[in-house]
Amino acid sequence: MQEAKKGDKVNVHYHGKLTDGSSFDSSEGREPLHFTVGEGQVIKGFDDAIISMKPGEKKTVKIPVLDAYGERNEDMVMEYPVSEFPDDMKPEVGMELQMGDNSGNVFPVVITEISGDVVLLDANHPLAGQDLVFEIELVSIV
């Protein structure tokens, strides 16, 4: 039976959890995740876990932070004046926004704190700084 290798297009079912067992994502009830192995379309640890799997095979892998979303970077937390928000927008903790930089790149941020006339915006991935556990099933190699 064929084993997955770099360059293969694969379909995968998965259940992602934190090390405390809490779930953060799953393909249950949805179509399998489709990606090309080794092309950086998923986090490195997930990509690496697929290599050598056979269709129908299941496994559980623990992915360390550096092979997941990396360490949190406090340089990616910034202060932003409330006065710069549109008049019809009331900033709230937990609100997800899109910001752009001077090069035209757009990236997501989350409001983590509001203090007086300033909000703290965090551009770290929500799973940065976390080891992750994935239950993976290789559905098919296409």
Looking at every non-hydrogen atom in both residues, tell me the closest pair between [X] and [Y] and how far apart they are.
| X | Y | value |
| --- | --- | --- |
| D8 | E3 | OD2-O, 3.7 Å |
| H13 | E31 | CE1-C, 4.2 Å |
| G45 | I63 | C-CD1, 3.5 Å |
| M78 | A123 | CE-CB, 4.0 Å |

Sub-4.5 Å side-chain heavy-atom contact between [X] and [Y]:
| X | Y | answer |
| --- | --- | --- |
| F85 | V119 | yes |
| I43 | F134 | yes |
| S23 | H15 | yes |
| P91 | I114 | yes |
| Q98 | V109 | no |
| K62 | T19 | yes |
| D122 | L120 | no |
| P64 | D131 | yes |

Take atom CD of E79 as the centre, draw a 6.0 Å sphere, and report whether it contains more than 12 heavy atoms from other residues, nucleotides or ligands. no

Answer yes when [X] and [Y] have at least one side-chain N-carboxylate O distance shorter than 4.0 Å, and no when they do not.
| X | Y | value |
| --- | --- | --- |
| K6 | E39 | no |
| K44 | D47 | no |
| R72 | E74 | yes |

Would you confirm whether [X], through its side chain, and [Y], through its main-chain N or O, come within 3.5 Å as a donor-acceptor pair?
| X | Y | result |
| --- | --- | --- |
| N73 | D75 | yes |
| S27 | Y14 | yes |
| S103 | N105 | no |

Mind checking whether [X] and [Y] sit in one hydrophobic cluster, side chains of I, L, V, M, F, W, Y counted as touching below 4.5 Å?
| X | Y | value |
| --- | --- | --- |
| I141 | I136 | yes |
| F24 | F46 | yes |
| V10 | V42 | yes |
| M89 | M99 | yes |

[X] [atom1] to [Y] [atom2] distance, which is reported to the nearest 0.5 Å:
| X | Y | atom1 | atom2 | answer |
| --- | --- | --- | --- | --- |
| K5 | I51 | NZ | CD1 | 11.0 Å |
| E71 | L66 | CD | CG | 5.5 Å |
| L138 | Q2 | CG | CD | 9.0 Å |
| M95 | K90 | CE | NZ | 8.0 Å |
| F35 | I50 | CZ | CD1 | 4.5 Å |
| L121 | Y80 | CG | OH | 8.0 Å |

Check against side-chain contact (heavy atoms from CB on, under 4.5 Å), T112 and V93: CA-CA 5 Å; T112 57; V93 172; 5.7 Å; no

Check against side-chain contact (heavy atoms from CB on, under 4.5 Å), K59 and M53: CA-CA 9 Å; K59 70 165 127 176; M53 286 184 73; 3.3 Å; yes

Measure the acute angle between the ring planes of H125 and Y69, then classify it against the limits of 30° and 60° as parallel, tilted or perpendicular. parallel

Might you work through the side-chain contact (heavy atoms from CB on, under 4.5 Å) test for V61 and V133, ending with a clear yes or no? CA-CA 6 Å; V61 293; V133 177; over 6 Å; no

Could you go through the side-chain contact (heavy atoms from CB on, under 4.5 Å) check for L18 and L127 one step at a time? CA-CA 9 Å; L18 302 178; L127 296 173; 3.9 Å; yes

For S140 and N11, does a side-chain donor sit closer than 3.5 Å to a side-chain acceptor? yes

